[in-house]
**Student:** 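What follows is a structure written as structure tokens; I'll ask about it next.
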Amino acid sequence: MSIFNVGFDRQGTAVQVRFQKGGRSGLGPELDAIKAKRPLVLTTPEQVDQGKDLLDTLAGRAAGLYTRATMHTPVDITRDALETVKKSNADCVIAIGGGSTIGLGKAIAYHTDLPQIVLPTTYAGSEATPVLGQTENGVKSTLKSERVQPEAILYDAELVRSLPVPMSVTSGLNAMAHAVEALYARDANRLSSELALSGLRAFVTGLPVVVSSPDDLVARENTLFGAWTCGAVLAQVGMALHHKLCHTLGGTLNLPHAATHAIILPHATAYNEAAAPEKLAPLAAILGSDTAGGGLFDFAGKLGAPTDLKSLGVAEPDLDRVADLAVQNPYWNPVAIERRAIRALLQNAYDGVRPETGVTS
Ligand code: NAD
């Protein structure tokens, strides 16, 4: 077992991070630290069983189970969950799930200031950030507030073991995307770069083991460590072209979050590598490749990740619309964001062509 006290929550107390296989059956330290007596457990409909198992371990101490967490935190679900919080007299929330469930816990905390304990079951890393993305009438907005930062995180490798291998791979690549963009972020610093490289190493060594032996709890815990460090850098520095493209594609075409990240990452990396080769060289070395973009493409392909937007059901004519939107209000990026080059990048991602560094049209 490893326990870290990192950062600070809104009361100025360190956020407690525990890595322990099977730790979910002993949440006493986390509950006692926040003086909680009636936690409401949150899950998605697909993870009800994990939620029920957790309720059993809380031995009558829980306020109940809410199972309607949904991708991109729709505000109507949040309103419904807030009713349950009120009726059940809950004094904290426990999110057991991926970014969707954690997002609901953050939204509840934002409205009620209730403390949160998070048990991540994917690698998305939302638990490590003070960011909440929400959707209303199909429009996604993001806010940053220390009110949404969880008080305690428990990484229990046994929970992520049930994440199917294809989702483990895309979720891991989603986490790696935070770290890749952190390497060339405008506000990068030595600590954020070291954290990013540590997360990238954890996934480059751990994900192939997860693919060949999904029940290997050492590899599962190592990749969860990667999820945490990649989430931590997402909280510290600004994201660039890759995240802008994924948000645009996801928002416009309603594509699956992690798979979109997995497909775009090698292309966005190659686009930026021309301007930031020295910042991406350590990643190329970790991947055993001449370039970071090409190395990521090969790595994703070997793990069986989707490598083309076509396979997600994207229609080729949609690429024009996505390119138009992606160049509007661009995030800061090390390379100028030009419509023609972005359209070419999207075409390569659509066709699943291995990207060449600096070749954008
Ligand atoms: P998810 O939480 O939507 O999970 C995808 C599916 O997998 C769900 O059906 C879920 O129930 C299931 N699942 C999750 N873990 C499982 C497990 N161990 N075993 C079996 N099934 C499991 O997916 P995600 O990629 O973790 O999260 C995506 C969401 O998180 C998006 O809305 C994204 O915007 C958000 N996100 C937010 C941040 C942030 O900092 N705010 C960071 C990353 C992602």
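These numbers come from the heavy atoms of this one structure, side chains and all, not from hydrogens, waters or symmetry mates. All ligand and atom numbering here is 1-based and tracks the order in the structure.
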**Student:** Suppose I only count heavy atoms of T129 and a 4.0 Å limit; which atoms of ligand 1 are within that range?
**Tutor:** 39 (C), 40 (O), 41 (N)

**Student:** Can you list every pair that meets side chain to side chain donor-acceptor pair (under 3.5 Å) and has a residue in residues 28-40, with sequence neighbours left out?
**Tutor:** R18-E30, D32-R61

**Student:** Nearest heavy atom to atom 41 (N) of ligand 1 wins, so pick from L104, T67, V131.
**Tutor:** V131

**Student:** Would D320 and R339 count as a side-chain contact (heavy atoms from CB on, under 4.5 Å) here? Give the steps.
**Tutor:** CA-CA 9 Å; D320 288 320; R339 166 86 179 49; 3.7 Å; yes

**Student:** Can you tell me the protein heavy atom closest to atom 33 (C) of ligand 1 and the distance?
**Tutor:** H257 CE1, 3.5 Å

**Student:** Among protein heavy atoms, which lies nearest atom 34 (O) of ligand 1, and at what distance?
**Tutor:** K140 NZ, 2.9 Å

**Student:** Would you tell me which option among G125, G98, S100 has the nearest heavy-atom contact to atom 3 (O) of ligand 1?
**Tutor:** S100

**Student:** Mark up the atoms of ligand 1 that fall under 4.0 Å of a heavy atom belonging to L159, in ascending order.
**Tutor:** 18 (N)

**Student:** Give the single entry among P74, G99, A258, A175 that approaches atom 24 (P) of ligand 1 most closely by any heavy atom.
**Tutor:** G99

**Student:** Step by step, would you call D318 with T252 a side-chain contact (heavy atoms from CB on, under 4.5 Å)?
**Tutor:** CA-CA 9 Å; D318 284 334; T252 317; over 6 Å; no

**Student:** What's the shortest distance from atom 14 (C) of ligand 1 to any protein heavy atom, and which residue and atom give it?
**Tutor:** Q47 OE1, 3.2 Å

**Student:** Identify, for atom 4 (O) of ligand 1, the protein heavy atom at the shortest distance, and state residue, atom and that distance.
**Tutor:** T122 CG2, 4.4 Å

**Student:** Indicate yes or no: does E158 engage R24 in a salt bridge with an N to O separation below 4.0 Å.
**Tutor:** yes

**Student:** Would you mind listing every side chain to side chain donor-acceptor pair (under 3.5 Å) that reaches into residues 202-218, with sequence neighbours excluded?
**Tutor:** none

**Student:** If you have a sec, work out which protein heavy atom is nearest atom 36 (N) of ligand 1 and how many Å separate them, to one decimal?
**Tutor:** S126 CB, 4.3 Å

**Student:** In ligand 1, which numbered atoms sit nearer than 4.0 Å to a non-hydrogen atom of M71?
**Tutor:** 3 (O), 28 (C), 29 (C), 31 (C), 32 (O)

**Student:** Looking only at protein heavy atoms, which one is nearest to atom 15 (N) of ligand 1, and how far off is it?
**Tutor:** T121 OG1, 2.7 Å

**Student:** With a 3.5 Å distance limit and no angle check, can you tell me whether T248 reaches the backbone of V322 through a side-chain donor-acceptor pair?
**Tutor:** no

**Student:** Between K106, M167, E46, K144, flag the one that comes closest to atom 9 (O) of ligand 1 by a heavy atom.
**Tutor:** E46

**Student:** Can you find a heavy atom in the side chain of C92 that is under 4.5 Å from one in the side chain of E151?
**Tutor:** no

**Student:** Check the orientation of H178 and H261. Use parallel for under 30°, tilted for 30 to 60°, and perpendicular for over 60°.
**Tutor:** perpendicular

**Student:** Determine whether more than 12 heavy atoms belonging to other residues, nucleotides or ligands lie under 6.0 Å from atom CG of D187.
**Tutor:** yes

**Student:** Starting from atom 17 (C) of ligand 1, find the nearest protein heavy-atom neighbour and note its residue, name and distance.
**Tutor:** S162 OG, 3.4 Å

**Student:** Which protein heavy atom lies closest to atom 43 (C) of ligand 1, and at what distance to 0.1 Å?
**Tutor:** A124 O, 3.5 Å

**Student:** Below 4.0 Å, non-hydrogen atoms only: which portion of T44 touches ligand 1? Side chain, backbone, both or neither.
**Tutor:** side chain

**Student:** For R354 and D298, run side-chain contact (heavy atoms from CB on, under 4.5 Å): C-alpha distance rounded to whole Å, both residues' side-chain angles, the deciding distance at 0.1 Å, then the answer.
**Tutor:** CA-CA 8 Å; R354 188 180 193 272; D298 298 339; 2.9 Å; yes

